[in-house]
Amino acid sequence: MVSVREVDWAMGPIRRRVQHLEGALQFVWRARRAERMVVCTAGTPLVVAALAKRLVARRTEFIAVDFLRPPRLPSWALKFGLRSVDRFVVVRRGDIEILSGLGYPRERCRFVEFPGPDLSDFVASHVVRSEAFVYSGGNAQRDWVTLFEALRQARVPAVVSCPDPTVSVSSNVEKLGQVRPDQGRSWLAQSEFLVMAVFDNDLPSGPLLLLDAFALGRCVVATDTNGTRDYIRPGENGILVPPDDPEALAEAVRDLFGSPDRIRTMGQKARATATKLTAERFWSEVLR
């Protein structure tokens with residue numbers, strides 16, 4: 001049985017929380033007699049599901065995949081809830097350290113690379129710029145200050161989907177509001193490569209946009225943090241620079257932008273990386 005929660009795009013924060021919690025409780029109730037249940041990409045709802053398991057599904061093995069640590073949940077409540085999780089599968093190696101710091105046994109955690117999306121039928125649209133440009137976007141743990149300062153220094157044309165309307169940008173940057181995933185992929189597909197600046201902390205920042213880039217044959221220039229370093233092979237499918245270092249990010253972006261042959265070669269290797277990271281491979285690893 002597979003349960004997919006309602007899409008929460010553009011949903012208000014209160015309605016989103018209610019929907020997530022209701023979904024977690026309903027899921028555990030439906031899976032109470034199953035041999036195994038798997039909860040993917042969840043924070044507080046996972047803790048709620050873990051607590052519900054104690055009451056109605058004690059004999060069911062509980063696997064958590066890609067745990068998103070809730071930033072506002074007290075550590076004691078989080079530690080208590082995680083006791084009911086039998087195994088963790090993480091998509092960032094650094095998450096094992098985070099879980100270990102919460103008292104969860106390291107030996108019950110395993111890293112599995114997240115699958116790349118199948119974008120073979122994707123058709124780019126909505127793109128109106130004719131000149132070469134780099135793209136950036138996303139939301140989770142983005143370091144917009146470092147990104148925009150790096151782009152200012154690099155002086156390369158850029159399009160950025162940024163949800164913060166207060167951030168000012170230089171004249172070489174076209175700042176969009178937060179765009180839908182399909183629109184972001186359209187900009188990414190037409191760009192030279194993806195640029196990501198991510199904070200180096202223990203809060204969740206997944207590799208989804210990075211894997212979108214790989215699937216579209218775009219290499220990535222990113223800060224070296226939990227969530228990027230497990231997927232980027234420096235010099236092959238991307239470039240890693242120190243976090244909170246706009247000068248290093250600007251230099252990497254500027255140098256790569258001026259090397260079309262290198263962009264092409266690294267883009268081919270990026271697509272090859274995504275091809276190997278299939279959903280079938282991922283789930284066989286999760287469930288073995």
Side-chain angles (χ1 to χ4, degrees), residues 3-32 36-112 114 138-145 163-164 178 198-208 223 225-230 243-244 286:
S3 176
V4 180
R5 74 183 183 211
E6 179 186 352
V7 174
D8 60 7
W9 180 260
M11 188 179 289
I14 296 177
R15 175 56 190 152
R16 184 185 299 115
R17 291 191 186 96
V18 171
Q19 182 236 64
H20 289 181
L21 296 179
E22 286 180 346
L25 295 173
Q26 291 170 1
F27 171 74
V28 174
W29 180 254
R30 288 196 296 267
R32 66 190 184 280
R36 177 185 293 161
M37 60 180 171
V38 182
V39 174
C40 302
T41 316
T44 302
L46 183 142
V47 178
V48 172
L51 294 173
K53 175 191 180 296
R54 288 172 175 260
L55 301 175
V56 300
R58 293 186 178 183
R59 296 183 181 180
T60 301
E61 183 185 20
F62 189 9
I63 304 173
V65 177
D66 187 23
F67 174 57
L68 306 180
R69 179 175 180 175
R72 297 181 182 85
L73 193 67
S75 293
W76 66 266
L78 188 55
K79 291 178 181 179
F80 181 76
L82 296 185
R83 292 178 187 173
S84 297
V85 179
D86 298 295
R87 288 193 287 131
F88 268 100
V89 174
V90 303
V91 299
R92 300 165 292 261
R93 282 191 176 91
D95 288 1
I96 296 177
E97 297 298 327
I98 295 171
L99 288 165
S100 177
L102 292 169
Y104 194 83
R106 294 175 60 92
E107 62 273 14
R108 286 160 57 185
C109 302
R110 189 158 56 93
F111 168 73
V112 178
F114 202 72
N139 192 13
Q141 300 306 303
R142 294 303 193 266
D143 185 354
W144 299 116
V145 172
D164 187 349
Q178 188 167 13
V198 184
F199 288 116
D200 189 20
N201 58 34
D202 62 356
L203 294 176
S205 55
L208 298 182
T223 51
T225 61
N226 187 31
T228 62
R229 64 174 64 101
D230 293 311
D244 193 27
V286 169

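We count residues from 1, following the sequence as given.
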- prompt: Atom CG of D143 and atom OG1 of T223: how far apart are they, to the nearest 0.5 Å?
  reply: 7.0 Å

- prompt: When rounded to the nearest 0.5 angstrom, what is the spacing between OH in Y104 and CZ in R83?
  reply: 12.5 Å

- prompt: Closest approach of G101 and K79, non-hydrogen atoms and distance?
  reply: O-CE, 4.4 Å

- prompt: Looking at CZ of F114 and CG of D230, how far apart are the two atoms once the value is rounded to the nearest 0.5 Å?
  reply: 13.5 Å

task: Could you check if a side-chain atom of L82 sits within less than 4.5 angstrom of a side-chain atom of L99, using non-hydrogen atoms only?
output: yes

- line: E97 meets the side-chain hydrogen bond (donor to acceptor under 3.5 Å, both in side chains) criterion, sequence neighbours left out, with R106

task: Answer yes or no: is there a donor N or O on one side and an acceptor on the other, between the side chain of R108 and the main chain of V85, under 3.5 Å?
output: yes

message: Quick one, P207 and V91 - any side-chain contact, counting heavy atoms below 4.5 Å?
response: yes

message: Are the side chains of D200 and D244 in contact, using a 4.5 Å heavy-atom criterion?
response: no

message: Show the nearest heavy-atom pair for residues A77 and V47, with the distance to one decimal.
response: O-CG1, 4.3 Å

- prompt: Of the non-hydrogen atoms in P163 and G138, which two are nearest, and what is the gap between them?
  reply: CD-O, 4.1 Å

- line: Heavy atoms of S75 and R69 approach each other most closely as OG-NH2, 3.6 Å

query: Do the non-hydrogen side-chain atoms of R110 and I96 ever get within less than 4.5 Å of each other?
result: no

message: If I take atom CG from residue D95 and atom CG from residue D66, how far apart are they, to the nearest 0.5 angstrom?
response: 7.0 Å

- prompt: How long is the gap from OG1 on T60 to CE on M37, to the nearest 0.5 Å?
  reply: 5.5 Å

message: Distance check, rounded to the nearest 0.5 Å: R36 atom CZ versus I63 atom CD1?
response: 4.5 Å

message: Show every ring-ring contact (aromatic ring centres under 6.0 Å, His included) that has at least one partner inside residues 46-82, sequence neighbours left out.
response: F67-F88

- request: Taking the side chain as every heavy atom from C-beta outward, state whether N226 and I98 have any atom pair closer than 4.5 Å.
  value: yes

field: Residue pair V56 / V28, side-chain heavy-atom distance below 4.5 Å
entry: yes

task: For residues 44-56, pull every pair meeting side-chain hydrogen bond (donor to acceptor under 3.5 Å, both in side chains), keeping only residues two or more places apart or in separate chains.
output: R54-S84

